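This report concerns only the one structure given below.
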Amino acid sequence: MSLFADIVFALPLPQAYTYAVPGEWTAAARPGTRVRASLGPKTAIGIIVRVHDQPPAGTFIKPILAVLDPEPIIPPDILDLAGRLSRRYYSSWGELLRAAVPPALSGASSMKAALTEAGRAALAAGSLAGEEAKVAALLAEKRMSPSYLKRKSVVSGGAAVLARLVRKGLAETRTVEKKVKPRAAQAAPAVAVQMDLDFAGDEAVARAAKGVAVAAAEGRFLSRLFFGPPARRASAYLACARDVLLRGRQVLFLYPEIGMSAAVAGAFVAGLGERVVLLHSRLTPRERLLARRRAESLESAVVAGPRSALFTPLPRLGLIIVDEESDDSYLQTENPVYDARSGARMRAEAASVPLIFGSETPTAEAFERARRDGGMFAMPASEPPVQAILLDDRTERGLLAAPLRERLADILAARKRAILFALRRGYAAFLLCPRCGHVPRCPRCDIALTLHQKNRRLACRYCSEEQPAPGSCPRCGGRIWEPRGAGVEAVAEELQKTLPAARIEVFDRERVRTRAAQAKVLARFAGGAIDVLVATPLLAHQPGVPAASLIGVLNPEQGLGQSDFRAGQRTYAEIRRFLRFLDGSDPRAAAVLQTAVPDHPVLTAAAAGDYAKFFGVEIEYRRMLGYPPFTAMAEVALWGRDVKGLERTAQDLASRLRAAGISEVLGPAEARSGGARGVQLVAKAADASVLDNVLGVVLPLVKGRKTVTRFD
DNA sequence: CAGGAATTAGCC
DNA sequence: GCTAATTCCTGA
């Protein structure tokens, strides 16, 4: 009987390929082992995902060249998890596995170029032209890959020049296969479980923890939402985790990339000490590998990390916790697209372990689900939520409303700290006519043109459109312009004018680039060397931000304007996150939301910290417009240069989707991501399986580069 | 209409 | 991702 293996590669390929397994490899070829196989004109390293005896019809079958590991490097559950995620998010199984096991799949063969004898002679004789001479000189030093050559050489078309040299017989290329180290055998250190922690939790925490502990002990999937402030969640997590650890099982704890949750992770470290393995993003690849091995081998441990920690192999997994469930960083939006929250659910279900989502500002999807299936555990804060004052700035001149300026002056007089949050970087203001409401827009892209204060010009963020800022409103002739939606630089500049003595610092990615610089600014702010920080949301993701006596949020309604059904969600969560920095110990501390839409329900709810009110509004909006969780939804973006052609393709895709039974297809609309242009469709269906079945059939029929993001 | 640059299809 | 095939583009 002949054997076949389905293999995936860390490339954007839509499916696995089937190879023949030669007799000598039949014992070694197991799912989860790496293999070298020929792929097109070269060889690549892939991972076996299935071994079977059904010869595929029609295609020519190549054999596996070698099995590289004596033992699988990826356990079956992780292999399967990546497979299921790749199917749900239409991303490559192999690319997901590379995200899961970074070093394993990166080594393949590489091409190296070098000069031939003739090439050396020609170079020495000086008979080569400008570009060719430059490239040849580089190659004379050592062999290098074409991409390295391209980076190193100042020549624009480095690859083309190399190709020319090869054709003339002056250079040659050869493929060098990278060596792959087989995985070293690991000894599992036997550590006695010795845990005597005291968690004098309160009633709500104890009740929440108990249900989880029972399910964990019975080996049963269960989904819970711990709805409450960080400190309460942390003690509930600890109570659950302790129980699981005492049974000699492992806990997977996911937290957002950076920031607030560090405090919760810190509580774990403080409470559980060396049983906590932190897989944070600053580890070097080798450190990460070692941390993973340690996590895998510890009999009982908490493994804490961001999104990618979802894939940590844990043979004795007993509980999964996803903290700050509403954080965007759980959704990886570039290839391979996947959502670690869905992934956590898949993994918990497959492993039959409880799953806890935790947040003070949960997504409407999670809240609705928990409400429906009784998984909700509310842990109200012991203190009432921070209340923010809503300031209407429609009649204000300038960027800062007068009452906010006055408060800032008071704060400075009292020698206290203040933080102002603005959503944009740099200057980035747009112009608004206060008389008729006209906003100058890009004639091509229809987005508000950005005002550049320095030269008083208007420019488009997307295209090259640029024009002088008009002196009067082209629509109504009004003479006065109001700059609106200003970036942090503009805010800081204006503030400095009104409060000349204030020590103001801008905190955004442009001004404060490195982590060290960020920490330095925060230390100065904490030490009293800075009075006011004018910051983008970047600040809210930093560890070690000191509390301030005044928190001002400038025009958060800009976030509501995004064409994204989760804009309200994100805005609510973001505002509440900003308000966490308010110094509760200062009786005169105040928070202010300055906005042009002071009656907007998302803003009034956020100002009051009233999640129930926010949820009521949000879920109704989702219901009315047919967004998740009431429908399953997918965004399909097609990318390319020829927008007209893409539009035709999108129309074709839309009609195919409709023909296949998708009732609601929106678009095509323009899509942009950085410099790339494209068109985008939104498909919605009442039933997730209908949507997935149709997409599975229709998407492969559409050619070209595309990204699919799936929501439900 | 050559010849090269740019884009795209296929990889089992 | 890389390569080969293809289309696109430039310049006579």
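A, B, ... follow the sequence lines: proteins, then strands. Residue 1 opens every chain. Just so you know, these numbers come straight off a predicted model, no measurement behind them.
Within the structure, every pair that satisfies the side chain to side chain donor-acceptor pair (under 3.5 Å) test and touches residues 10-20 of chain A, not counting sequence neighbours, is listed here: Asp6(A)-Thr18(A).
Val322(A) and Ala344(A) get closest at one heavy-atom pair: CG2-CB, 3.7 Å. Between Pro668(A) and Ala650(A) the shortest heavy-atom distance is CB-CB, 3.6 Å.
The backbone N or O of Val337(A) sits less than 3.5 Å from a side-chain atom of Ser91(A), completing a donor-acceptor pair.
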List every contact pair, protein side and nucleotides 10-12 of chain B side both N or O, where the distance is under 3.5 Å.
unit_1  : atom_1 : unit_2   : atom_2 : d
dC11(B) : O3'    : Gly40(A) : N      : 3.2
dC12(B) : OP1    : Gly40(A) : N      : 3.2
dC12(B) : OP1    : Lys62(A) : NZ     : 2.2
dC12(B) : O3'    : Thr18(A) : O      : 3.1
dC12(B) : O3'    : Lys62(A) : N      : 2.9
dC12(B) : O2     : Thr18(A) : N      : 3.0

Could you list, one pair per line, each protein nitrogen or oxygen that sits under 3.5 Å from a nitrogen or oxygen of nucleotides 5-8 of chain C, together with the distance?
none

Contacts table for residues 308-315 of chain A: side-chain donor-acceptor under 3.5 angstrom, sequence neighbours left out:
unit_1    : atom_1 : unit_2    : atom_2 : d
Thr312(A) : OG1    : Ala309(A) : O      : 2.6

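In this view, Ala20(A) and Phe4(A), Ile61(A) satisfy the side-chain contact (heavy atoms from CB on, under 4.5 Å) rule, not counting sequence neighbours. Residues forming a side-chain hydrogen bond (donor to acceptor under 3.5 Å, both in side chains) with Thr363(A) (at least two apart in sequence, or on another chain): Glu325(A).
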